[in-house]
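Read the structure below first, then the notes.
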Amino acid sequence: GISAVEDLLETEEEVIISVRGVDKYVVMGLEKYAKFREAELDMAVKEAKADYEAGRTITESVDDHMKRVTDEV
């Protein structure tokens with residue numbers, strides 16, 4: 001159970017859990033997960049800045065925005 005995962009996390013950064021021979025889950029410590037999420041958010045900010053600088057933006061009202069995103073789904 002979880003004690004085996006905890007033991008592995010003492011020497012490994014992540015533990016992969018397989019279900020019926022197929023890798024399905026990754027378990028990591030909360031500190032590592034927080035760093036991973038921070039990196040994801042940093043990347044999203046960089047992508048948004050690049051879109052803004054390249055002119056890939058839309059200015060619209062809230063109603064128009066909601067209609068556009070609803071129609072795209």
Side-chain angles (χ1 to χ4, degrees):
I2 195 65
S3 61
V5 171
E6 287 176 329
D7 289 345
L8 286 168
L9 285 174
E10 288 180 14
T11 58
E12 305 294 328
E13 291 193 18
E14 302 104 14
V15 175
I16 297 174
I17 298 176
S18 299
V19 178
R20 296 187 185 105
V22 177
D23 293 346
K24 293 285 259 183
Y25 305 100
V26 176
V27 179
M28 64 184 75
L30 194 54
E31 186 176 315
K32 171 136 176 132
Y33 177 73
K35 289 179 183 178
F36 176 76
R37 289 292 296 150
E38 185 177 341
E40 277 188 324
L41 294 172
D42 286 344
M43 181 67 74
V45 168
K46 287 177 184 174
E47 290 174 2
K49 285 180 179 179
D51 284 343
Y52 179 78
E53 290 170 1
R56 294 185 295 263
T57 63
I58 297 172
T59 302
E60 61 192 355
S61 69
V62 172
D63 290 336
D64 289 341
H65 173 73
M66 292 306 296
K67 181 176 181 347
R68 181 173 56 82
V69 298
T70 302
D71 290 347
E72 289 177 2
V73 176

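Everything quoted here is computed from the prediction, not taken from an experiment.
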(request) Give me the one residue out of I2, V5, I16 that meets side-chain contact (heavy atoms from CB on, under 4.5 Å) with V27. (result)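 Going through I2, V5, I16 one by one, the side-chain contact (heavy atoms from CB on, under 4.5 Å) with V27 is satisfied by V5 alone.
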(message) For E60, I'd like to know if atom CD has over 12 heavy atoms of other residues, nucleotides or ligands within 6.0 Å.
(response)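 Counting neighbours around CD of E60, more than 12 heavy atoms of other residues, nucleotides or ligands fall under 6.0 Å, so yes.
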(message) Tell me which pairs pass salt bridge (charged side-chain N to carboxylate O under 4.0 Å, His left out) where either residue lies in residues 2-13, with sequence neighbours left out.
(response)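 Only E13-K32 qualify under salt bridge (charged side-chain N to carboxylate O under 4.0 Å, His left out).
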(request) Could you note down all residue pairs passing salt bridge (charged side-chain N to carboxylate O under 4.0 Å, His left out) where residues 39-49 supplies at least one of them, sequence neighbours left out? (result)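 Every salt bridge (charged side-chain N to carboxylate O under 4.0 Å, His left out) pair that includes a residue of residues 39-49, provided the two are not neighbours, is R37-E40.
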(request) Could I get the full list of salt bridge (Lys or Arg N to Asp or Glu O under 4.0 Å) partners for E72, not counting sequence neighbours? (result)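 In terms of salt bridge (Lys or Arg N to Asp or Glu O under 4.0 Å), with neighbours along the sequence ignored, E72 is linked to R68.
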Hydrophobic cluster identity match, [X] and [Y], side-chain contacts under 4.5 Å:
X	Y	result
V62	I58	no
V19	L8	yes
V45	L41	no

(request) Measure the spacing between CG of L9 and CE of M28 and express it to the nearest 0.5 Å. (result)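 Here the interatomic distance stands at 9.5 Å.
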